[in-house]
Amino acid sequence: METPDSLQEAIIWFREFENCRQFMMYLRWPDGKVLCPRCGSDRVFYIEKERVWKCYGKHDHAKFSLKTGTVFEDSPIALEKWLPAAWLIMNCKNGISSYEVARALGVTQKTAWFMLQRIRLALQDDLTGGMLNGEVEVDETFIGGKVRNMHKDRKRKVQQHSQKGEKAIVLGILERASDTKHKRVRATVIPDRKRNTMQTEIAGTIAKGAKVYSDEWGNMWRMDENYEHGIVDHLATYVDGQIHTQGIENFWSLLKRSLGGTYISVEPFHLFRYVDEQSFRFNNRKMTDAERFVIGMKQIQGKRLTFDELTGKTEGRSSDTRPS
Ligand SMILES: [Zn+2]
């Protein structure tokens, strides 16, 4: 499969619908046999003029396109815009703002923001790599801005997603590199740092028998006997061998750099998507841009995101979304 090697090439390459089509075919039906995403049948017929297939299976919505069943579904935006946008976000080391995407692709900033959010959903870690094991670092960090100057409704909303109305808490769990694997990270926005919250997250992410390292806060949520738990003593004048959390601290500085430099005004409500994006790039850093693009694009299937979900309207949220 031919893929572009650089951003510049990607923008030019995906300007042609035929190149988009071939790439999506390769991604979705690598053996060339098109299957209906709704019923799995191969009794389908391509209508070239409409760029859709028609399924002969007995169900509603007989027609489907290259976008059906992916995060691009129901979007009026063409693949010729979607694919370079995905390339941009997956490969820009410190993240990219909707303003930059809008300029690069010739869409409005609002459209670009929505596109970025959909792609971030695709990049969400669905635990396909399995539980984290071996030597694992656990740490939390606080992210967020001032809520003092916000409108009252908005302030209340933000407070629901953060601690003490000040900051959002992100829990990071990093598996150190071993002989067979690169290091990888899972980061999640959590509502509080209570023992129950921490233990639930850890039990769902770290394999039993792993060695867990944390800072002194780990004393508060003490692990059960499923894990060996080493606690860093920051007051000690030396680092005690393997007992440190420097790996996850490196990830925090990358995350904060991208949030500070690019996503000027991320609301706690949307924060987890930016965290997912940064985790994706971190976990797939040792490869070419083209390889990273294919890996990210493989994750676009089987996921959907509506505008209401995205803006939180389903939670009664008003239209105070401030894109960044
Ligand atoms: Zn069907």
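The figures here come from the full heavy-atom set of this structure, side chains too, leaving out hydrogens, waters and symmetry mates. Residue numbers start at 1 and run along the sequence shown.
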If you count heavy atoms of other groups shown closer than 6.0 angstrom to CD of Q8, is the number above 12? no
Look at the side-chain heavy atoms of Ile, Leu, Val, Met, Phe, Trp and Tyr, link any pair under 4.5 Å apart, and say whether M297 and M287 land in one connected group. yes
ILVMFWY network linking F17 to F14, side-chain heavy atoms under 4.5 angstrom: yes
Distance (rounded to the nearest 0.5 Å) between H182 NE2 and R285 CZ: 7.0 Å
Does H61 have more than 12 heavy atoms from other residues, nucleotides or ligands lying within 6.0 Å of its NE2? no
Pick from D74, T70, T68: which one makes a side chain to side chain contact (heavy atoms under 4.5 Å, CB included) with F72? T70
Hey, is the main chain of N284 close enough, under 3.5 Å, to the side chain of R292 for a donor-acceptor pair? yes
Close side-chain approach of Y56 to S41, heavy-atom, < 4.5 Å: no
Distance-only side-chain donor-acceptor flag, S98 / Q109, under 3.5 Å: yes
Please determine whether a side-chain nitrogen of the Lys or Arg among E18 and R21 lies less than 4.0 Å from a carboxylate oxygen of the Asp or Glu. yes
Are the side chains of I248 and I173 in touch, meaning some heavy atoms are under 4.5 Å apart? no
Are any side-chain N or O atoms of E80 and backbone N or O atoms of R15, one a donor and one an acceptor, separated by less than 3.5 Å? no
Ion pair check, D276 and R273, cut-off under 4.0 Å: no
On a heavy-atom basis, the closest approach of P191 and I169 is O-CD1, 4.1 Å
Which distance, rounded to the nearest 0.5 Å, do you find between the CZ of R43 and the NZ of K54? 10.5 Å
Ignoring hydrogens, what is the shortest heavy-atom contact between L123 and G296? Give both atom names and the distance. CD2-CA, 4.0 Å
Under 6.0 Å between ring centres: does that hold for F23 and F293? yes
In the structure I gave you, are the side-chain heavy atoms of V232 and S214 within less than 4.5 Å of one another anywhere? no
So do W113 and S97 actually touch side chain to side chain, heavy atoms under 4.5 Å? no
Audit row: D215, D139, side-chain contact (heavy atoms from CB on, under 4.5 Å) steps and yes/no: CA-CA 7 Å; D215 65 8; D139 194 25; 3.6 Å; yes
Short question: side chain of K81, backbone of L105 - any donor-acceptor pair under 3.5 Å? yes
Are W217 and Y227 grouped together when hydrophobic residues (ILVMFWY) are joined by side-chain heavy atoms under 4.5 angstrom apart? yes
Distance-only polar pair, side chains of E137 and T245, donor-acceptor under 3.5 Å: no
Can you list the steps and then say if N91 with L7 is a side-chain contact (heavy atoms from CB on, under 4.5 Å)? CA-CA 8 Å; N91 288 321; L7 169 61; over 6 Å; no
Tell me whether the count of non-hydrogen atoms from other residues, nucleotides or ligands lying under 6.0 Å of NZ in K67 goes above 12. yes
Minimal heavy-atom distance between A203 and M131, with the atoms involved, is O-CE, 3.3 Å
Here the gap from I89 atom CD1 to E100 atom CD, rounded to the nearest 0.5 Å, amounts to 11.0 Å
Would R120 and Y274 count as a cation-pi pair here, with the cationic atom under 6.0 angstrom from the ring centre and within 45° of the axis? yes
Using modelled atom types and a 3.5 Å cut-off, is there a donor and acceptor pairing between side-chain atoms of E291 and backbone atoms of T288? yes
Close side-chain approach of L27 to I300, heavy-atom, < 4.5 Å: yes
Is it possible for you to say whether M25 and L79 belong to one hydrophobic cluster, with membership spreading through side-chain heavy-atom contacts below 4.5 Å? yes
Value for CG (L88) from CG (L83), rounded to nearest 0.5 Å, stands at 11.5 Å
Smallest heavy-atom separation, V275 atom then S279 atom, equals O-OG, 2.8 Å
When you measure from the side chain of T111 to the backbone N and O of V107, does any donor-acceptor pair fall under 3.5 Å? no
When you look at CE of M220, are more than 12 heavy atoms from neighbouring residues, nucleotides or ligands closer to it than 6.0 Å? no
Check Y213 against R176 and note the closest heavy-atom contact, atom names and distance. CD1-NH2, 3.3 Å
Can you name the nearest heavy-atom pair linking L35 to G40, along with the distance? CD2-O, 3.8 Å
Distance, nearest 0.5 Å, that separates CG of L66 from CH2 of W29: 5.5 Å
Pairwise side-chain contact, L271 with I143, heavy-atom cut-off 4.5 Å (strictly under): yes
With a 4.0 Å cut-off on N to O distance, would you call E201 and R186 a salt bridge? no
Check: N283 side chain, V185 main-chain N or O, donor-acceptor pair, under 3.5 Å: yes
What's the spacing between L255 CG and E277 CD if we round to 0.5 Å? 9.5 Å
side-chain contact (heavy atoms from CB on, under 4.5 Å) between Q199 and I202: does it pass, once the steps are laid out? CA-CA 5 Å; Q199 290 194 341; I202 284 165; 5.6 Å; no
Less than 4.0 angstrom from a charged side-chain N to a carboxylate O is my criterion; do E140 and R193 meet it? yes
Is any side-chain heavy atom of I231 closer than 4.5 Å to one of I243? no
Counting only heavy atoms from other residues, nucleotides and ligands, does the tally under 6.0 Å from CD of E228 exceed 12? no
Find out whether the Lys NZ or Arg CZ of R184 is both under 6.0 angstrom from the six-membered ring centre of F282 and within 45° of the ring's axis. no
Just do the side-chain contact (heavy atoms from CB on, under 4.5 Å) check on R118 and W82 with the steps written out, would you? CA-CA 10 Å; R118 283 209 202 196; W82 273 118; 3.8 Å; yes
Heavy-atom side-chain contact between E249 and H244 under 4.5 Å: no
Sole candidate of L171, L132, T205 that passes side chain to side chain contact (heavy atoms under 4.5 Å, CB included) when paired with V138: L171
Are the side chain of N19 and the backbone N or O of W13 linked by a donor-acceptor pair below 3.5 Å? yes
So, does R38 use its side chain to make a donor-acceptor pair with the main chain of K63 at under 3.5 Å? yes
